[in-house]
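What follows is one structure encoded as structure tokens, with my remarks underneath.
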Amino acid sequence: MNAPPTEPARRSGDWYVDHVLADVERFAAAIERAGPGEMRAPVAACPGWTLDRLAEHLGQIHRWARFCATNARPPGDDETEALESYDSARAAAWLRQGADALADTLRGLDPAAPTWHPFPVDRVARVWPRRQAHETAIHRWDAERAVGEPSPIDRELASDGIDEYFEIALPRLMVREDVALPAGSLHLHCTDVEGEWLVWSEDGVLQVVRAHQKGDAALRGPAEAILLRLWGRTSPLADQLSPVGDEAVLDAWLSIAGM
């Protein structure tokens, strides 16, 4: 486990923003197909939430992220209240409106410019398009699943989402939820697109190597299936996942996002 970590190829901010807009359009289309009667459909991965609540959450996240990216600080209480409130009667249009405004802001960011965000990585603007793309992709998938069959997550985006999970999302969970990392190591290997990782804990600090190295447990399969499994969801491609090694270690790593 002593090989130096390698940095993944960085996608452009526009690439991520394009995915934000595409996934919001899919989310909005799911709302329009469902109609008002199915806005109360439960969201399996978010206990107690309905499609209506999920739409409100994602739209508010987009508006909050736009404020933070624009002002390089979080909104105060009064400013949060001033952000456009949710209107269930026009949920699809409201989602599109917020995403369009977010996209305009994100496209204008200098990736290296200082910013504010709540994640335990460098506070530079390139974090925002990437985080919003993955937040949107997962919740678009949730929305479609609530009312039918979800469309696939782009495999390149899914592989990048696995990388972002270990670089940004999991460290955030460790801080916010006081997550203790498992004792054993985990190797992940995408079979439909480039992407391999070995992750482990060293004195409670997350270690990540982007390489083909043996772990105590391993999970091979399509990038979408691995990404969704990390986030506590079951992809239609789940039957293509191949777990090997220590089952307890694998289960421990895969249960983190469900805590």
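The model shown is predicted, which means the values in this text are computed figures rather than measured ones.
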If hydrophobic clusters are built from ILVMFWY residues whose side chains come within less than 4.5 Å, do [X] and [Y] share one?
X    : Y    : result
W49  : W231 : no
L95  : L83  : no
I226 : I153 : yes
I162 : L250 : yes
L21  : W15  : no

Check: How about H19 and H134: are their ring centroids closer than 6.0 Å?
Finding: no
Margin query: Is it the case that the ring center of W253 lies less than 6.0 angstrom away from the ring center of W197?
Written below: no
Item checked: Exceeds 12 heavy-atom contacts within 6.0 angstrom, atom CZ of R123 -> yes
Margin query: Can you confirm whether D77 is buried at CG, in the sense that more than 12 heavy atoms of other residues, nucleotides or ligands lie under 6.0 Å from that atom?
Written below: no
Measure the [atom1]-[atom2] distance between [X] and [Y] for me, rounded to the nearest 0.5 Å.
X    : Y    : atom1 : atom2 : result
C46  : R53  : SG    : CZ    : 9.5 Å
E164 : R130 : CD    : CZ    : 5.5 Å
S151 : W141 : OG    : CH2   : 10.5 Å
T80  : W64  : OG1   : CH2   : 9.5 Å

Cationic N near anionic O, under 4.0 Å, [X] to [Y]:
X    : Y    : value
E144 : R26  : no
D18  : R107 : yes
D160 : R11  : no
D110 : R126 : no
R155 : E194 : no

State, without any angle test, whether [X] and [Y] hold a side-chain donor-acceptor pair at a distance under 3.5 Å.
X    : Y    : result
H62  : T136 : yes
D52  : S88  : yes
T50  : R40  : no
R90  : Q97  : yes
E196 : H187 : yes

[Y] and [X], any side-chain heavy atoms less than 4.5 Å apart:
X    : Y    : result
L188 : V199 : no
L228 : L237 : no
Q132 : L102 : yes
L227 : I138 : yes
S201 : L206 : no
E177 : R172 : no
L109 : W128 : yes
E135 : H57  : yes

Closest approach of [X] and [Y], non-hydrogen atoms and distance?
X    : Y    : value
D142 : A45  : OD1-CB, 3.8 Å
Y16  : P129 : CB-O, 3.4 Å
A146 : V43  : CB-CG2, 4.5 Å
A41  : V147 : CB-CG1, 4.3 Å
P182 : I256 : CD-CD1, 4.0 Å
E224 : P236 : OE2-CD, 3.9 Å

Check: Please walk me through it: do E167 and R131 pass salt bridge (Lys or Arg N to Asp or Glu O under 4.0 Å)?
Finding: CA-CA 11 Å; E167 182 179 340; R131 176 84 288 272; over 6 Å; no
Notebook entry, point to check: Checking R63 against W94: charged group under 6.0 Å from the ring centre and within 45 degrees of the axis?
Noted result: yes
